[in-house]
There are 2 protein chains.
Amino acid sequence: MKATIYDIAREAGVSIATVSQVINGKGKISEERRNEVMRIMERLNYQPSVIASALTGKRTFTLGLLVPDISNPFFAEIARAVEDQSRRLGYSLVICSTDNKDERVERYLSLLRQKSVDGIIIGTGIDNEDIIKPLLTQSIAIALIARDMPALAVHTVVVEDFKGGALGAEHLLKEGHHRVAVLAEHPKVSSSRERVRGFKSVVEAAGLPWSEESVKSCDYTLEDGKRKALELLKLTERPTALFCCNELLAIGALQAAKELKLRIPRDVSVIGFDNTILASVSDPPLTTIAQPIEAMGKKVVDLLVEALQDKSAAAKAERIVLEPELIIRQSTSSIQV
Amino acid sequence: MKATIYDIAREAGVSIATVSQVINGKGKISEERRNEVMRIMERLNYQPSVIASALTGKRTFTLGLLVPDISNPFFAEIARAVEDQSRRLGYSLVICSTDNKDERVERYLSLLRQKSVDGIIIGTGIDNEDIIKPLLTQSIAIALIARDMPALAVHTVVVEDFKGGALGAEHLLKEGHHRVAVLAEHPKVSSSRERVRGFKSVVEAAGLPWSEESVKSCDYTLEDGKRKALELLKLTERPTALFCCNELLAIGALQAAKELKLRIPRDVSVIGFDNTILASVSDPPLTTIAQPIEAMGKKVVDLLVEALQDKSAAAKAERIVLEPELIIRQSTSSIQV
DNA sequence: TTGAAAGCGCTACCAT
DNA sequence: ATGGTAGCGCTTTCAA
């Protein structure tokens with residue numbers, strides 16, 4: 001049986017109140033008593049029950065993280081960043097893969113509430129924002145990462161997607177590309193929409209032709225990215241560069257180009273987005289727009305935990321927008337004349 | 001404020017005992033009372049507190065998963081499989097990245113205990129097995145995944161590493177390779193050792209020369225894999241095939257070969273291990289030894305949860321050994337004469 | 001079929 | 001400086 005606070009108290013010949021004090025470093029306990037109690041806790045391998053403590057109104061020191069799929073490298077890296085900062089601040093992390101299904105989101109949210117987690121970080125797309133509204137009334141803090149839900153007053157950490165798209169376009173234009181196309185995610189994904197908007201704005205500002213036909217929406221798979229890239233690359237007026245809204249799509253594009261015996265970047269340049277491990281292992285390594293994943297993870301946790309301990313901080317909803325960064329590798333080059 | 005069982009009871013004009021009964025579907029409650037109570041729970045958006053329930057001796061329905069690094073694709077995929085099955089069985093998953101540091105393992109183990117998780121799945125290497133011994137006495141169930149600790153009587157799910165290594169060697173020999181080398185993980189990693197042993201056994205059985213020099217130990221990085229592969233490929237008696245104990249190393253090998261202007265698989269064949277997403281996005285896609293990741297994740301959870309509910313099952317330590325499978329892609333070919 | 005009450009392990013307030 | 005004790009929200013006898 002696990003030792004309880006009573007065992008310690010009995011063994012030390014003090015009251016449980018005293019033991020509780022030394023555990024929490026509160027109140028006034030004499031040096032010797034304190035040492036004696038600590039020695040006994042050690043000897044009995046005593047560990048206070050977070051469960052019991054939480055029941056008295058204290059925190060559970062547990063956070064929930066909702067992502068579409070923890071096995072997707074981007075979210076796996078986000079999770080690592082979030083976990084690291086959580087650990088530093090004394091929190092554990094419950095991960096929840098939603099596959100972007102609202103039903104799953106609802107289920108997980110309800111579960112996390114029943115388990116009295118102190119806060120929830122949402123990094124998954126949600127079709128119906130009303131799903132999380134009820135939570136705002138509860139005593140659970142909420143924060144968003146890599147997702148934007150302007151309609152909701154919650155802490156949010158995102159990268160400046162519009163600028164990321166613009167960065168990609170600028171790079172390509174500087175290299176002399178005129179015919180560019182885009183592999184986007186589903187139109188309902190706001191980050192993808194923004195990236196495309198940013199990309200387009202630069203292309204148009206440069207006075208280059210732009211047609212909605214050159215933007216292909218893909219589902220979440222590499223295969224679909226490849227398929228859509230093939231369509232694009234088979235056009236008679238073949239684009240000389242492809243901007244992809246995530247790295248799975250970019251790798252699909254790479255594969256499509258190879259299948260068509262196009263050399264990269266000589267015949268076609270490809271830009272990715274996220275800068276996950278995939279960008280560095282692909283062949284050629286991907287030029288990509290990096291999201292500062294580690295900083296983002298750290299920041300949401302900071303925001304969330306701050307809101308937990310500070311009533312006033314909890315009230316306002318901060319919105320942190322981090323800078324995307326162009327990472328040049330070998331999948332892009334100046335156009336060959 | 002969140003509604004409690006008291007609120008429901010008061011509202012329904014019954015005792016909390018009755019409410020508890022309907023929540024748990026126990027005891028004999030008349031149809032009408034039950035419906036009435038359920039209606040009120042619905043209306044008040046009541047969700048029973050797992051915390052409080054756990055304090056009375058019930059489970060927390062939470063499992064812990066220890067892995068070296070959740071951002072490593074192999075473990076991310078393991079985590080997904082474990083999470084899926086946990087969810088199906090009604091459990092949440094707390095993830096813990098240990099970076100293979102014993103100190104971190106200890107810290108997490110103690111944390112999970114304080115939080116009264118029902119079980120812990122360990123997929124991380126541990127130098128000092130004594131660290132987890134104390135847990136065995138506790139009321140926390142333990143199971144191992146992709147790790148072997150023969151000294152410990154705990155449920156274990158692994159792939160047959162020896163056979164995996166053998167499979168790799170057989171494939172290479174069948175393709176006519178005579179000079180083969182190996183990129184291994186740190187010698188302390190038992191799975192890697194077994195893979196090398198299996199590989200070697202086949203090579204020797206075929207009467208081919210084998211020297212310990214042809215096995216290079218690498219740390220956990222792609223870079224080190226590349227470095228060690230370079231050493232091997234620069235030998236005058238250059239190996240025609242490389243067997244790598246994980247996919248990061250295999251990709252390092254691919255990069256090394258390219259740097260030396262060697263064509264793959266024409267000049268050098270490369271085999272990986274795990275069959276993660278990396279194997280399918282690399283160029284060329286990797287021939288690899290697949291671990292049945294999904295089946296492994298499902299199985300540990302089944303084992304663990306079974307042990308939780310069934311005293312007798314908890315006693316014995318099952319050891320499940322799953323079959324590795326050779327997946328042929330494009331990084332290997334018969335030797336060119 | 002229903003309810004009263006003890007208790008799970010801990011915190012915090014109030015006495016002493 | 002230390003201890004008694006009333007909860008926290010729920011489960012589970014045991015009575016009625």
Side-chain angles (χ1 to χ4, degrees), chain A residues 1-38 40-41 44-62 110-111 113-118 138-140, chain B residues 1-38 40-41 44-62 110-111 113-118 138-140:
Chain A
M1 239 23 262
K2 276 182 54 173
T4 75
I5 201 171
Y6 286 98
D7 300 321
I8 307 300
R10 184 172 353 96
E11 203 72 4
V14 299
S15 76
I16 60 165
T18 302
V19 177
S20 178
Q21 313 250 65
V22 353
I23 292 172
N24 298 294
K26 290 189 176 177
K28 285 133 201 341
I29 308 289
S30 67
E31 264 308 289
E32 40 182 350
R33 266 221 181 322
R34 148 167 279 108
N35 287 142
E36 167 67 357
V37 169
M38 291 184 64
I40 296 185
M41 295 197 300
L44 269 51
N45 188 19
Y46 169 75
Q47 316 239 185
S49 158
V50 173
I51 295 287
S53 149
L55 197 54
T56 74
K58 298 195 113 190
R59 304 196 207 124
T60 51
F61 291 97
T62 302
S110 140
L111 225 87
R113 178 149 98 88
Q114 289 182 218
K115 299 204 173 158
S116 306
V117 298
D118 300 321
Q138 312 296 330
S139 57
I140 300 185
Chain B
M1 238 24 261
K2 274 182 55 171
T4 74
I5 201 171
Y6 285 96
D7 300 320
I8 307 300
R10 184 172 352 96
E11 203 73 2
V14 300
S15 76
I16 61 166
T18 302
V19 177
S20 177
Q21 312 252 62
V22 354
I23 291 172
N24 299 292
K26 290 189 177 177
K28 286 139 202 334
I29 308 290
S30 65
E31 264 309 288
E32 40 182 351
R33 264 213 180 330
R34 147 167 280 109
N35 287 143
E36 167 67 356
V37 169
M38 292 183 64
I40 296 184
M41 295 198 300
L44 269 50
N45 189 18
Y46 168 75
Q47 316 238 185
S49 157
V50 173
I51 295 287
S53 147
L55 196 54
T56 73
K58 298 194 115 190
R59 302 197 208 125
T60 52
F61 292 96
T62 302
S110 140
L111 227 86
R113 179 150 97 87
Q114 290 181 213
K115 299 205 172 157
S116 306
V117 299
D118 299 320
Q138 313 294 330
S139 58
I140 300 185

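Labels below follow one simple rule: chain letters A, B, ... track the order of the sequence lines, proteins then strands, and each chain is numbered from 1. Values reported hereafter were calculated over all heavy atoms of this structure, with side chains retained and with hydrogens, waters and symmetry mates removed.
- Not one side-chain nitrogen or oxygen of A/Arg33 sits closer than 4.0 Å to the OP1 or OP2 atom of D/dA1.
- At distances below 3.5 Å, not a single donor-acceptor pair connects side-chain atoms of B/Thr60 with backbone N or O atoms of B/Ala54.
- Whole-Å rounding puts the B/Lys28 NZ to D/dT12 C1' distance at 16 Å.
- Checked against D/dG3, C/dT2, D/dC10, the side chain of B/Ile29 finds its nearest nucleotide in C/dT2.
- With B/Asp7 contributing its side chain and B/Thr4 its backbone, the two residues share a donor-acceptor pair below 3.5 Å.
- Within 4.0 Å of B/Val19, counting heavy atoms only, lies no atom of the nucleic acid at all.
- Distance CD1 (A/Ile8) to C1' (D/dT2): 18 Å, rounded to an integer number of Å.
- Using a 4.5 Å cut-off on side-chain heavy atoms (C-beta onward), B/Tyr6 and B/Val19 make no contact.
- In this structure, CZ of A/Arg59 is placed 12 Å from P of C/dA12, rounded to the nearest angstrom.
- B/Asn24 has its side chain within reach of B/Lys58: a pair of non-hydrogen atoms, C-beta onward, lies under 4.5 Å apart.
- Of all nucleotides listed (C/dG9, D/dG3, C/dA4), C/dG9 comes nearest to the side chain of A/Thr4.
- Looking at B/Tyr6, its side chain comes within 3.5 Å of the base of D/dC10 through a donor and an acceptor atom.
- Separating the CD1 atom of B/Ile5 from the C1' atom of C/dG7 is a distance of 15 Å, rounded to the nearest angstrom.
- With rounding to whole Å, B/Asn24 atom CG is found 7 Å from D/dT12 atom P.
- Taking atom CD of B/Gln114 as the reference point, atom C1' of C/dT11 lies 16 Å away to the nearest angstrom.
- If you take CG of B/Leu55 and C1' of D/dG7, they are 12 Å apart, rounded to a whole angstrom.
- Counting any heavy atom pair closer than 4.0 Å across all strands shown, B/Ser20 reaches a base atom.
- Atom NZ of B/Lys2 is separated from atom C1' of D/dG9 by 10 Å (rounded to the nearest Å).
- Residue whose closest nucleotide on DNA chain C sits further toward the 5' end, between A/Ala17 and A/Ile51: A/Ile51.
- B/Ile16 comes within 4.0 angstrom of a nucleotide base, judged by non-hydrogen atoms across all strands.
- Of the two residues contacting DNA chain D, namely B/Ala52 and B/Gln21, the nearest-nucleotide position lying further toward the 5' end is that of B/Ala52.
- Between A/Ser49 and the phosphate of C/dC10, there is no side-chain N or O to OP1/OP2 separation shorter than 4.0 Å.
- In this structure, the nucleotide among C/dG9, D/dC10, D/dA1 sitting nearest to the side chain of B/Thr56 is D/dC10.
- Phosphate proximity of C/dA12 to A/Lys26: present, with a side-chain N or O under 4.0 Å from OP1 or OP2.
- Side-chain contact between B/Glu36 and B/Arg33 is absent, with no heavy-atom pair separated by less than 4.5 Å.
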